[in-house]
There are 2 protein chains.
Amino acid sequence: MSTLKSKILVVATDLFQTRGINSTGVDTIVAVAGTTKMTLYKYFTSKENLILEVLKKGHEDFQSWLSEKLNTNAKKPSEKLLKLFEFIEEWVTSPNFRGMGFIKASAEFPNEESPVHQLSSEQSREFKQYICSLATEANIKDAEGLALQLSLLFEGAVQAEQMKRGSGAMKYAKKASKILIDGALAD
Amino acid sequence: MSTLKSKILVVATDLFQTRGINSTGVDTIVAVAGTTKMTLYKYFTSKENLILEVLKKGHEDFQSWLSEKLNTNAKKPSEKLLKLFEFIEEWVTSPNFRGMGFIKASAEFPNEESPVHQLSSEQSREFKQYICSLATEANIKDAEGLALQLSLLFEGAVQAEQMKRGSGAMKYAKKASKILIDGALAD
DNA sequence: ACGTATATATACAGGTCTGTATATATATTT
DNA sequence: AAATATATATACAGACCTGTATATATACGT
């Protein structure tokens, strides 16, 4: 991938997070990225296309980092579940955490026909599905239910962290997740 | 309050929720409300002022409904805590639920200097504080921690419900809250 | 050195948005 | 009936936005 395209993606991710998606114009993006609109529209067919690519990259980066961390640091499925929020916390509190795009995007694009909303919605579902697969492997009875609960905790904590960095929300989400997982394992 | 002002508030609440705040123009609001811009700008000094009043009304309506419900239907403090999500679920699944404004607003106005962001942030804090007061009365040891956890669940579930109505997220949030509260009461 | 691909600089068309100005209509009060 | 407050209708200025058009510069392969 061209370095310019990559630079635009990084800058857009940053600005979308700190100023909002709709409030960030392409002129601002190219100015910060140190390039021009012509170049942006060479790599992205439209602003919507740029938004979609920002979302895709953010989700892929997070998902692959997380599953790689879990696979190398935990063996038993139940261990993976229990360590889930530990790594999520590590990701979220890292200095180059740029927010979870799909949470903001689904708020800014509530219309269900919008491609941005659809992608956000799908990413949220995918993440929940990933947790559900971990829960299923760990022989949790109501794997779907636990996955939903953990994803609610996750999304709530990310939102709190986006609202105020360093709020420590994820630390308490981690504690809550341990209680919920232990309870589900005992069922 | 004038019926027109009230009508504008209701319509704006609705449109902000279903189309987003920044994506909803005042022209659309007055058209749906059946009035004109001149009237809107008589009752509200600016669009930002309208947004702030929409947020205030939404939060007041919810908070007063919730505390009244809890005060009449539960006596012991621990009972209030345990019934909290039952009433929240009733509110959220009611047909005229119009979303929790401050959750969407904080996503659309991430800039901490924005008055809209500041009010959203304050409302989130107030809600958490209310839960904390319930937990304190119920003699929970780490009342702050439990309050934070429950508010994370709440915000995550509202977000999920806003993303897809009828997702049943609040039902599972309620179950999770019971587990967390029971655990905290036993400490 | 020459041609080609890539990036820049800049201007602008067409649209949307907020907030105001101007003129008119409808109620209500006296 | 006259006067006053309230609401409508409509137009518009000024700002912003997306996406494109045009012309120029820079690098690179051959």
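Every chain is numbered from 1, with letters handed out A, B, ... down the list of sequences.
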- Item | Nearest-Å distance for atom pair CG/P, residues L40(B) and dC17(C) | 14 Å

- T39(B) has its side chain closest, among dT18(C), dG19(D), dT8(D), to dT8(D)

- Item | Donor-acceptor pair (no angle test) under 3.5 Å: K37(B) side chain, dG19(C) base | yes

- Checking K5(B) against F44(B): charged group under 6.0 Å from the ring centre and within 45 degrees of the axis? yes

- K5(B) NZ to dA7(D) P: how many Å, rounded? 12 Å

- Item | Exercise: do N71(A) and K80(A) side chains pair donor with acceptor under 3.5 Å | yes

- Task: Taking only the side-chain heavy atoms of M38(A) (C-beta and beyond), determine which of dT18(C), dA9(C), dT8(D) contains the nearest atom.
- Result: dA9(C)

- Item | Nearest-Å distance for atom pair CG/P, residues D27(B) and dT8(D) | 15 Å

Side-chain donor-acceptor pairs of residues 33-40 of chain A under 3.5 Å, sequence neighbours excluded:
| unit_1 | atom_1 | unit_2 | atom_2 | d |
| --- | --- | --- | --- | --- |
| T35(A) | OG1 | T39(A) | OG1 | 3.4 |
| T36(A) | OG1 | T39(A) | OG1 | 3.4 |

- Between dC17(D) (P) and E48(A) (CD): distance, integer Å: 18 Å

- Query: Can you tell which of dT8(C), dA7(C), dG19(C) lies closest to the side chain of K47(B)?
  - Reply: dG19(C)

- Task: Find the distance I8(A):CD1 to dT6(C):C1' and express it as a whole number of Å.
- Result: 13 Å

- Any residue meeting salt bridge (charged side-chain N to carboxylate O under 4.0 Å, His left out) with K56(B), in chain and number order, not counting sequence neighbours: none

- dG19(C), dT18(D), dA7(D): which one has an atom nearest the side-chain heavy atoms of S46(B)? dG19(C)

- Would you say L70(B) and L134(B) make side-chain contact, with heavy atoms under 4.5 Å? yes

- Query: Where the side chain of L4(A) is defined as all heavy atoms beyond and including C-beta, which of dT8(D), dG19(D), dT8(C) is the nearest nucleotide?
  - Reply: dT8(C)

- Task: Check every strand shown and say whether Y43(B) touches a base, only sugar-phosphate, or nothing at a heavy-atom separation below 4.0 Å.
- Result: sugar-phosphate

- Message: Over all strands shown, is T24(B) touching base, sugar-phosphate only, or nothing at heavy-atom distances under 4.0 angstrom?
- Response: sugar-phosphate

- Item | Protein-nucleotide distance (N49(A), atom CG; dT18(D), atom P), rounded to Å | 14 Å

- Message: Rounded to whole Å, please give me the gap between CG in N22(B) and P in dT18(D).
- Response: 13 Å

- Query: Where the side chain of Y41(B) is concerned, which of dA7(C), dT8(D), dT20(C) is the nearest nucleotide?
  - Reply: dT20(C)

- Task: Calculate the interatomic distance between I51(A) atom CD1 and dC17(D) atom P; express it in whole Å.
- Result: 14 Å

